[in-house]
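Have a look at the structure below, then the notes.
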Amino acid sequence: MDFDSGYVMTIDGADAPGGGTVEVVNPATGKSFASAPRASAAELDAAVDAATRAWPAWRDTPVAERRKALVAAADAIAANAESLARLFTREQGRPFPLALSEIKSAAYWLKATAKLDLPVDVIEDTDTRRIEVHHVPLGVVCAIVPWNFPVLLAVWKIAPALLAGNTMVLKPSPFTPLTSLKLGELLRGAFPRGVLNIISGGDELGPMMTAHPGFAKISFTGSTATGKRVMEAASKELKRITLELGGNDAAIILPDVDIDQVAEQIFFGAFYNTAQVCVATKRMYIHADIYDRLRDKLHEIAQRVVVGDGARQGTDYGPIQNAPQYARVMNLLDDARANGLVLLQGRAVPEEGYFIPLTLVDNPPEDSRVVQEEAFGPILPLLRFDDLDEVIARANASDYGLAGAVWSGDVDRAVEIAHRLDTGTVWINQNLQNTPFTPFAGAKQSGFGVENGVAGLLEYTRPKSLFIPKPAA
Ligand code: NAD
């Protein structure tokens with residue numbers, strides 16, 4: 001397969017060209033290098049029709065066969081990992097080795113999810129009757145994915161939805177459609193026609209999909225603002241929804257950490273993917289006793305690591321993924337400067353492309369925009385604290401509640417603090433960890449519903465209770 005051109009949508013197992021095109025920009029240059037199809041309304045209808053026609057047979061396919069299909073999909077991805085990763089770097093910007101690791105994770109996730117079982121719950125089993133709850137698929141799922149982890153987050157939806165017996169129409173972000181389109185072509189061999197349709201388009205396509213009456217469920221990952229629009233659109237037909245949304249994650253760093261041992265990891269947890277990670281540390285609360293030393297160490301790392309074109313060897317951090325996001329982060333930086341905040345910046349970045357130096361903000365006021373908003377870019381506030389109760393209250397004082405981290409030499413103490421954080425995940429002396437078997441769910445305005453694990457699989461089903469009489473003894 002040619003990964004450098006010929007980007008087409010997959011509808012009903014075949015090429016679909018689109019009614020127009022969307023330009024795709026390499027964020028390391030700021031220049032367009034390819035175009036993706038823009039799905040027409042008729043093509044969206046065709047994709048939903050194909051998924052609707054494919055559903056009964058896929059639903060009735062034994063689960064063992066569906067597991068095999070997921071494994072075949074994983075193998076197809078793994079066999080093309082390098083080509084997919086090169087394309088990923090061109091459109092998304094992430095350094096090639098880390099792009100490759102996302103592709104490999106996607107293959108791993110498909111295989112691991114294939115091992116999950118949908119339970120049959122027995123509620124009652126007496127001499128007179130048995131009550132069983134089965135978990136049956138919903139129908140055609142609408143999957144909408146953002147640009148920061150375009151392949152892995154697509155697979156987080158594809159794997160459980162298809163394993164549970166649904167069919168799907170998936171849309172990548174207009175900023176990163178190409179790897180997903182190639183994925184659509186690659187996976188034609190793994191699933192029957194119509195089971196997985198992948199379409200692309202501009203800003204108009206998401207709302208067209210969420211308004212489409214043919215979907216039983218919407219699984220959405222993206223910003224909280226868009227999530228609210230998705231929820232509103234879903235209300236028209238009471239479509240089921242899963243919303244994985246934004247975060248403003250706090251890390252709390254206690255004075256008993258070994259700074260030299262943890263600094264690199266703490267830094268990576270904030271800046272991985274150039275800080276465009278929903279669960280990145282976005283507010284770093286550091287105890288006053290170690291604040292100056294850890295701040296200086298993090299600044300030293302920022303001055304050492306290389307920000308540049310992800311296709312170049314030796315690049316640690318890539319560009320901001322797209323022009324609007326670049327403008328948003330620049331606006332936050334300007335606001336910080338205008339308010340006299342102290343910025344500690346990393347080494348210089350290329351002039352061409354959407355690059356911003358990795359930036360630490362030295363103890364800004366709690367109510368500054370850079371603390372209160374999800375930056376989703378490389379501008380990290382470091383905040384000094386003395387009192388544990390007070391810092392937990394500051395960490396929890398957010399509309400978001402995605403994840404958080406506690407760093408301490410005393411794990412038991414860190415666990416106690418973790419229990420007091422209002423988030424879906426808390427990492428202790430680690431960050432950014434997820435597994436296919438662990439429920440991932442945001443609290444508050446970070447989300448609605450669950451991905452991963454059996455709980456995530458159940459999101460693609462509805463319970464169906466059977467009351468079965470037993471013959472009189
Ligand atoms: P976004 O909300 O702008 O876009 C996400 C997707 O929704 C894109 O495919 C977009 O085309 C589509 N879309 C846009 N408007 C729509 C509408 N009205 N109806 C339906 N679809 C629409 O988000 P983004 O900028 O692509 O991604 C960044 C955001 O995603 C951040 O807030 C980040 O925290 C969040 N995110 C969350 C998770 C998670 O699992 N919780 C993971 C990754 C990213």
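Atoms within each ligand, like the ligands themselves, are counted from 1 in listed order. Just so you know, residue 1 is the first one in the sequence shown, and it goes up from there.
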With a heavy-atom distance limit of 4.0 Å, tell me whether [X] approaches ligand 1 through its side chain, its backbone, both, or neither.
| X | result |
| --- | --- |
| E451 | neither |
| L205 | neither |
| F175 | neither |
| F149 | neither |

- Measure the distances from the heavy atoms of G447 to every atom of ligand 1 and state whether one is below 4.0 angstrom. no
- Could you tell me whether R369 and D334 have a side-chain N and a carboxylate O separated by less than 4.0 Å? no
- Item | Residues in side-chain hydrogen bond (donor to acceptor under 3.5 Å, both in side chains) contact with T221, at least two apart in sequence or another chain |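 If we apply the side-chain hydrogen bond (donor to acceptor under 3.5 Å, both in side chains) test to T221, skipping adjacent residues, the hits are K157.
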- Derivation of the salt bridge (charged side-chain N to carboxylate O under 4.0 Å, His left out) call for R193 and D12: CA-CA 5 Å; R193 281 173 50 174; D12 206 13; 2.9 Å; yes
- Compute the ring centroids of W156 and F149, then answer whether they are less than 6.0 Å apart.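 Between F149 and W156, which both carry aromatic rings, the centre distance is not below 6.0 Å.
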Is there a polar contact between ligand 1 and [X], counting only N or O atoms under 3.5 Å apart?
| X | value |
| --- | --- |
| W147 | yes |
| G222 | yes |
| S446 | no |

- Item | Minimum-distance protein heavy atom relative to atom 3 (O) of ligand 1 | T226 OG1, 3.8 Å
- Note on the structure: atom 11 (O) of ligand 1 has as its nearest protein heavy atom K171 NZ, 2.8 Å
